[in-house]
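To start, the structure itself, in structure tokens.
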Amino acid sequence: MTRYVLRRLLQLIPVFFGTTFLIYVLVWAVPGDPFSGKCGQAACPASYVAQMTEKFNLNDNIFVQYVKYLGSLFTGDWGETFNGTSVGELIATSYPITLRLAVIAVVIEAVIGLTAGVLTGLRGKGFLDNLVLVSTTFLISLPVFVTAIVLQLALGSNGLGWIEASVSDNPSVGELIVPGIALGSLSMAYVARLARTSIAENRRADYVRTAIAKGQPQSRVVLVHLLRNSVIPVLTFLGTDLGALMGGAIVTEGVFNINGLGGLIFRGIQNRESATVVGVVVLLVLVYLLMSLVVDLLYAVLDPRIRYD
């Protein structure tokens with residue numbers, strides 16, 4: 001198991017450097033004046049441009065800039081915006097809110113999606129299977145921002161009045177449940193379909209028939225044998241989806257006025273604050289890599305054969 005973990009860790013190193021370099025190049029190499037609009041309607045003074053150029057190493061080639069950025073990053077310095085605000089402080093304020101929202105969305109999609117997928121996969125075709133098929137098709141066809149707006153109107157002050165139109169600056173778990181449903185609705189439909197397909201395929205496998213022939217209880221056959229093997233592709237989706245939800249929460253956070261990473265990225269792109277955009281996206285890359293490692297380890301726990309591949 002130790003060798004398996006070390007091998008996975010070594011595989012993540014080139015992925016980290018490759019993705020972060022690509023992100024850095026794409027953000028900082030955007031054509032145009034990086035100081036446009038930083039001094040109001042007038043052009044920035046030459047002294048300010050010279051100071052910022054030196055501060056952000058813009059006179060160096062892109063490779064040197066990237067190496068210097070990594071050197072600062074490894075010491076815990078995420079850089080500064082053009083107005084001197086620490087990117088690390090901005091992320092520290094916004095990251096917990098978006099992480100809380102993404103975790104709630106993943107839990108909702110995992111519980112509801114897996115339950116629907118397992119039930120329909122075990123029962124086969126029928127009313128429940130058709131109901132799940134129609135409902136998941138409906139959710140897949142709706143953009144996330146439409147689902148978010150419908151939930152806000154239906155459950156907010158214009159509808160049932162169960163929720164506020166906007167959440168507080170530091171929202172609680174309860175305030176984020178409805179935004180979490182909106183954010184995870186599309187993935188919930190995919191989880192339900194993926195779980196149903198996997199359960200339906202594995203229920204006809206030899207090891208399931210053998211367990212039934214041995215007289216094992218139905219609950220043990222489903223939980224220990226069938227579900228344990230069927231959940232592996234679902235884990236892949238859920239693990240990578242956490243990072244996708246954190247990065248794709250811009251629309252949901254905008255609808256419910258949530259001060260998370262989505263708004264931070266949007267404002268960074270709008271104001272051409274490259275240091276902010278790079279810092280947030282690098283953080284999301286780290287989340288992706290971490291979740292990828294966790295999923296790999298869960299694979300090895302669920303199926304010991306994987307660790308020896």
Side-chain angles (χ1 to χ4, degrees), residues 90-91 93-117 132 135-160 162-195 234-270 277 280-281 283-292 294-295:
L90 293 175
I91 292 176
T93 302
S94 305
Y95 174 71
I97 300 175
T98 298
L99 179 62
R100 202 179 309 151
L101 174 63
V103 169
I104 290 173
V106 168
V107 170
I108 290 173
E109 71 184 55
V111 172
I112 299 178
L114 272 176
T115 301
V132 171
S135 59
T136 53
T137 302
F138 179 74
L139 287 175
I140 291 172
S141 64
L142 284 179
V144 173
F145 74 89
V146 174
T147 305
I149 293 174
V150 169
L151 287 175
Q152 186 187 54
L153 293 176
L155 302 179
S157 57
N158 294 328
L160 297 175
W162 291 353
I163 64 172
E164 296 293 334
S166 300
V167 302
S168 60
D169 292 336
N170 188 21
S172 62
V173 173
E175 291 180 275
L176 293 177
I177 288 179
V178 174
I181 294 174
L183 181 60
S185 58
L186 181 61
S187 298
M188 182 172 59
Y190 286 128
V191 168
R193 289 196 169 194
L194 189 60
V234 179
L235 278 177
T236 304
F237 183 84
L238 290 175
T240 55
D241 199 40
L242 179 62
L245 292 177
M246 291 181 63
I250 297 178
V251 174
T252 304
E253 291 184 356
V255 171
F256 292 96
N257 196 26
I258 300 173
N259 296 321
L261 288 180
L264 190 60
I265 294 176
F266 178 76
R267 291 190 298 272
I269 296 174
Q270 190 177 41
V277 177
V280 174
V281 178
L283 175 64
L284 295 179
V285 168
L286 292 174
V287 173
Y288 268 111
L289 295 180
L290 176 61
M291 293 309 302
S292 175
V294 171
V295 168

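None of these values were measured; they are calculated from a predicted model.
Residues G180 and A105 share a closest heavy-atom pair of O-CB, 3.5 Å. Minimum interatomic distance between G268 and V277 (heavy atoms only, all atoms of both residues): C-CG2, 3.6 Å. Nearest approach of F256 to A148, heavy atoms of both residues: CZ-O, 3.6 Å. Considering all non-hydrogen atoms of both residues, V144 and A182 come closest at CG1-O, 3.5 Å.
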Run the side-chain donor-acceptor check on residues 95-103: report pairs under 3.5 Å with partners two or more places apart or on a different chain.
unit_1: T98; atom_1: OG1; unit_2: E253; atom_2: OE2; d: 2.7
unit_1: T98; atom_1: OG1; unit_2: L261; atom_2: N; d: 2.6
unit_1: R100; atom_1: NH1; unit_2: P171; atom_2: O; d: 2.4

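Annotation: the span from I181 atom CD1 to I112 atom CD1 amounts to 6.5 Å, rounded to 0.5 Å. Between atom CG of residue L235 and atom CE of residue M291 there is a gap of 9.5 Å, rounded to the nearest 0.5 Å. Interatomic distance, I177 CD1 to L151 CG, rounded to the nearest 0.5 Å: 12.5 Å. Note: I104 CD1 to E109 CD = 12.5 Å, rounded to the nearest 0.5 Å. Note that OG of S94 and CD1 of I258 are 11.5 Å apart. Values are rounded to the nearest 0.5 Å. Interatomic distance, CG of D169 versus CG of N257, reported as 8.0 Å (0.5 Å rounding).
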Practice task
Dump the intermediate steps for side-chain contact (heavy atoms from CB on, under 4.5 Å) on V178 and W162, then the final yes or no.
Solution key: CA-CA 10 Å; V178 174; W162 291 353; over 6 Å; no
Practice task
Decide yes or no on side-chain contact (heavy atoms from CB on, under 4.5 Å) for L186 and T147, but give the supporting numbers first.
Solution key: CA-CA 9 Å; L186 181 61; T147 305; over 6 Å; no
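Taking S168 as the reference, E175 meet the side chain to side chain donor-acceptor pair (under 3.5 Å) condition, with sequence neighbours excluded. Partners of T137 under the side chain to side chain donor-acceptor pair (under 3.5 Å) rule, at least two apart in sequence or in another chain, are R193. In terms of the side chain to side chain contact (heavy atoms under 4.5 Å, CB included) criterion, residue partners of L114 (sequence neighbours excluded) are, by chain and number, V191, A195, V231, V234. Residues satisfying the side chain to side chain contact (heavy atoms under 4.5 Å, CB included) test with L289, not counting sequence neighbours, are L12, V15, F16, V285.
Applying the side-chain hydrogen bond (donor to acceptor under 3.5 Å, both in side chains) definition to pairs two or more places apart or across chains, those involving residues 178-192 are S187-D241.
Atom CZ of F237 has more than 12 heavy atoms from other residues, nucleotides or ligands within 6.0 Å.
Residues T93 and L264 form no side-chain contact, since every pair of their non-hydrogen atoms from C-beta on lies 4.5 Å or further apart.
With S292 contributing its side chain and Y288 its backbone, the two residues share no donor-acceptor pair below 3.5 Å.
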